[in-house]
Engineer: 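The structure is given below, and queries will be raised subsequently.
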Amino acid sequence: MAKKNDKKSKLEEKLTRKHELVWDKLSQKEKKTVFEFSKGYKDFLAKAKTEREAVAEIIKFAEKNGFKSIDEIKGSKPRTKIYITNRNKNIALIVLGSEPIEDGINIIASHIDAPRLDLKQNPLYEDDDTKLALFKTHYYGGIKKYQWVNQPLAVHGHIVKGNGKAVDIIIGEDPDEPAFTITDLEPHLYRGKQAKRRLSEGIKGEELNVLVGSVPVKDDKAKSKIKLWVLDHLNKKYGIVEEDFTTAELEIVPAGRPRDIGFDESMIGAYGQDDRICAYASMTAIAAQKKPKRTAIALFFDKEEIGSEGNTAVRSRFLETLIGELMELKDPDYRYSMLRKALSKSKALSSDVTGGVNPNYKDVHEIKNAPKVGYGLVITKFTGSGGKYMSNDANAEYISEIRRLFNKKKVPWQTGELGKVDEGGGGTIAKFLAEHNMEVVDCGPAVLSLHAPFEIASKADLYATHQGYNAFYGS
Ligand code: MN
Ligand code: MN
């Protein structure tokens, strides 16, 4: 009997590029490793639902793996593991290499903020007609607003009280705790007006009001009794008053833990995988570095989803300052020109997710160049839209380095473009890293339902991402 392989064209085998499903190539043992690895990731996702919580989890993980705060570090011995934080929303993990920092650094940069609903500064009100108490919100990042209604939501955040002391709160995650929700209109009542709205207007921004109470206080003289019950409850539980909302950052996020998806449990469904899947893959990869030649840095930025503005985003001078601090460990009188040289000789992976082909909406993609879930780490040469506008179009020489590295280390990879020409598009932090004159390319897994309250990633891609980042730090 002829073997299957005999039917293959030798010429085709020699010349054409293969697109292989990662699952096809994994041994039983490797599959087990992939599934095992995803457990730690799911725990991370469950605990890191805001940028502040992500920083706290990254510090916990880093300290467990031998990293120390820069304040505790003296000298610059190779292999020293350091972390530096910025305002509790932005953090860097560093492993010093044996080569001088001036010769360049290997950087992987992800973001730890995710689209959500933020409470307004004066959020709590009582609807007079219905006697229900609600929170006003202003959404953060690119969301499809209709996706956020009729589901359990939790409140996570940080409140600075009148005396300057802060309290962190999480309500709605524990199944024994109450959750919150946004009520949509029932089909019986929506035909007149709402059914005629365009999908992008199906739910409007000012309709994203979160239901938080319906019981009045026993106080005959009080005007808004339901609102007052909520304030009284928050005061007893957290010691806060209404004015404290003006100095708070409270985020409404989907309640509950990540779930395995599919009969085969091959995928993960969870909130905030853009871009915490890359954050987790890079944090575990940098912790695995034993003796790097080049200094390795994992950067975790805030505010990518709203344009990377602000002092905890990539566009602040955090990266420059931290490299300066690292150079000072060796030589307090280092020259600024050395810092610039270090940055321009650095290599970076802008580690962010991209949108995978959705079987229900294939026509938004140009299928020959679209990234697919389950096909490994995606190298994205350019992002942007309308003729690569506003994108970092990575250099062929640099992509070639990454290609050879991934092939050598057997990291499953594919290329990707976000949507058809002149139809799709999006941005990442790659172009801001490139401002330092370093080499940068976008490199992260493909995810389905990006920016939805429940995003889908493949466990095989998660592990491929970790493998790829591990190889990059080791190069
Ligand atoms: Mn992202
Ligand atoms: Mn995003």
Side-chain angles (χ1 to χ4, degrees), residues 41 44-45 48-51 53-55 58 89-91 107-118 139-145 147-148 251 253-254 258 268-283 298-310 312-315 348-358 364 370-371 373 377-385 390-392 394 416-419 424-434 440-458 461-462 465-466 468-469:
Y41 172 54
F44 176 71
L45 281 180
K49 288 201 177 180
T50 68
E51 55 285 350
E53 289 167 9
V55 166
I58 292 167
K89 298 178 182 180
N90 169 203
I91 182 168
I107 295 170
I108 300 182
S110 60
H111 68 91
I112 45 175
D113 61 321
R116 62 187 187 243
L117 309 177
D118 284 341
Y139 66 94
Y140 172 100
I143 63 164
K144 290 164 88 177
K145 296 181 267 292
Q147 295 178 337
W148 288 74
E251 305 178 10
V253 296
I268 294 163
Y271 164 70
Q273 300 202 69
D274 172 8
D275 181 33
R276 291 173 194 140
I277 189 168
C278 292
Y280 187 78
S282 60
M283 136 181 136
L299 293 165
F300 307 86
F301 286 110
D302 178 31
K303 293 197 166 60
E304 190 275 343
E305 295 294 358
I306 55 169
S308 291
E309 313 280 355
T312 50
V314 66
R315 297 183 80 176
L349 297 182
S350 162
S351 75
D352 205 346
V353 301
T354 183
V357 177
N358 181 326
V364 300
V373 166
L377 191 44
V378 187
I379 299 174
T380 303
K381 187 178 189 299
F382 55 88
T383 58
S385 58
M390 302 287 277
S391 93
N392 163 65
E417 182 175 1
L418 190 57
T428 64
I429 62 171
K431 62 179 178 177
F432 302 121
L433 294 169
V440 195
V441 67
D442 278 295
C443 186
V447 168
L448 297 177
S449 306
L450 276 189
H451 289 201
F454 197 66
E455 300 174 317
I456 309 300
S458 159
D461 294 338
L462 164 68
T465 305
H466 167 79
Y469 292 175

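Ligands are counted one by one from 1 in listed order, and the atoms in each one are counted from 1 as well. Note that the numbering runs from 1 along the sequence shown for the chain.
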Engineer: Side chains of E305 and H451: do they bring a donor and an acceptor to under 3.5 Å?
Structural biologist: yes
Engineer: Who are the salt bridge (Lys or Arg N to Asp or Glu O under 4.0 Å) partners of R116, not counting sequence neighbours?
Structural biologist: E51, D118, E251
Engineer: For the Mn ion (ligand 1), report each protein N, O or S atom nearer than 2.8 Å, sorted by chain and then by residue number.
Structural biologist: H111 NE2, D274 OD1, D352 OD1, D352 OD2
Engineer: What residues form a salt bridge (Lys or Arg N to Asp or Glu O under 4.0 Å) with K49, not counting sequence neighbours?
Structural biologist: E173
Engineer: Salt bridge between E309 and R315, side-chain N to carboxylate O under 4.0 Å?
Structural biologist: yes
Engineer: Using the test ring-ring contact (aromatic ring centres under 6.0 Å, His included), find all partners of Y280 that sit at least two apart in sequence or belong to another chain.
Structural biologist: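 For Y280 the ring-ring contact (aromatic ring centres under 6.0 Å, His included) partners, ignoring immediate neighbours, are F37, Y41, F44.
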Engineer: By the definition side chain to side chain contact (heavy atoms under 4.5 Å, CB included), identify the one residue from N90, D302, D275 that meets it with D113.
Structural biologist: D302
